[in-house]
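What follows is a single structure, written as structure tokens, with notes after it.
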Amino acid sequence: MKPPASPPLSSLRPGGAPEPSDADRHWLRAAIALSRRCPPSSTAFSVGAIVVDATGAVVAEGYSRRDDPHDHAEETALRGIDAADPRLAGATLYSSLEPCTQRTSRTRTCTDLVLATAIPRIVVAWREPAVFVHAQGVERLRGAGRTVVEVGELAAEAREVNTHLLA
Ligand SMILES: Nc1c(N[C@@H]2O[C@H](COP(=O)(O)O)[C@@H](O)[C@H]2O)[nH]c(=O)[nH]c1=O
């Protein structure tokens, strides 16, 4: 039997709108799939992140604790690219959880790291519950003029890998 055909690259171009597109759902599901690769933790969430450029090509990806026990997903994804890379000006960052605004382990939060780039649009599945820190990534990014799209229909999928942290 023939394997299912991959969607053409043109259909994987991130949307530019405040509403999620089918391509946005595709990439956010891919970020959630990355979150399942996180080394397990009882003190931090498992998160996946992917940066996709305006043509629908993956620029970078990462997940929590990938290279070090304190790593966050967005941090690992952005570590591999120059913050001034021109592709970022038309890119969308997909993260299974909103980027953090408070950390105990490192000084630069994921929201700071995103704001140090020109990434104009961030798509998230889930806001961080106040289990470890009080996160305000969605508000901070919007306040800085970035478009933030929340895809509530994928929140349960993003939470699933983290259910052991939630009462
Ligand atoms: N893992 C993770 C986040 N999650 C949370 O940020 C909180 C503070 O981080 P830390 O002080 O470094 O432990 C911690 O509760 C962790 O679960 N946030 C993110 O933006 N991306 C990530 O990949």
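The residues of the chain are indexed from 1 along the displayed sequence. For ligands, and for the atoms within them, numbers begin at 1 and follow the listed sequence.
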Before accepting this row, confirm whether a basic side-chain N of the pair [X]/[Y] lies closer than 4.0 Å to the acidic partner's carboxylate O.
X: Arg66; Y: Glu75; answer: no
X: Arg142; Y: Glu150; answer: yes
X: Asp68; Y: Arg106; answer: yes
X: Arg121; Y: Asp24; answer: yes

Could you measure the distance from the [atom1] atom of [X] to the [atom2] atom of [Y]? Nearest 0.5 Å is fine.
X: Asn162; Y: Leu97; atom1: CG; atom2: CG; result: 7.5 Å
X: Arg36; Y: Ser46; atom1: CZ; atom2: OG; result: 11.0 Å
X: Thr109; Y: Gln102; atom1: OG1; atom2: CD; result: 9.5 Å

Heteroatom proximity flag, [X] to ligand 1, N/O under 3.5 Å:
X: His72; answer: yes
X: Arg103; answer: yes
X: Thr104; answer: yes
X: Ser64; answer: yes

Close-contact set for ligand 1 against [X] heavy atoms, below 4.0 Å:
X: Glu98; value: 20 (O)
X: Phe45; value: 1 (N), 16 (C), 17 (O)
X: Ala73; value: 21 (N), 22 (C), 23 (O)
X: Pro99; value: 20 (O)
X: Ala44; value: 16 (C), 17 (O)
X: Phe132; value: 15 (O), 17 (O)
X: Gln102; value: 8 (C)
X: Glu74; value: 19 (C), 20 (O), 21 (N), 22 (C), 23 (O)

Task: From CA spacing to verdict: side chain to side chain contact (heavy atoms under 4.5 Å, CB included), Thr111, Leu115 - done: CA-CA 6 Å; Thr111 297; Leu115 290 176; 4.0 Å; yes

Task: Residue-ligand contact Glu128/ligand 1, heavy atom below 4.0 Å - done: yes

Starting from [atom], what is the nearest protein heavy atom, named by residue and atom, and what distance separates them?
atom: atom 20 (O) of ligand 1; value: Cys100 N, 2.8 Å
atom: atom 7 (C) of ligand 1; value: Val133 CG2, 3.7 Å
atom: atom 12 (O) of ligand 1; value: Ser105 OG, 2.3 Å

- [ ] Go through the steps for Glu98 and Gln136 under the test side chain to side chain contact (heavy atoms under 4.5 Å, CB included), then give the verdict.
- [x] CA-CA 8 Å; Glu98 70 179 312; Gln136 293 183 296; 5.6 Å; no

Open item on the list: Using a 3.5 Å distance criterion without hydrogens, assess whether the side chain of Trp27 forms a donor-acceptor pair with backbone atoms of Leu12.
Closed with: yes

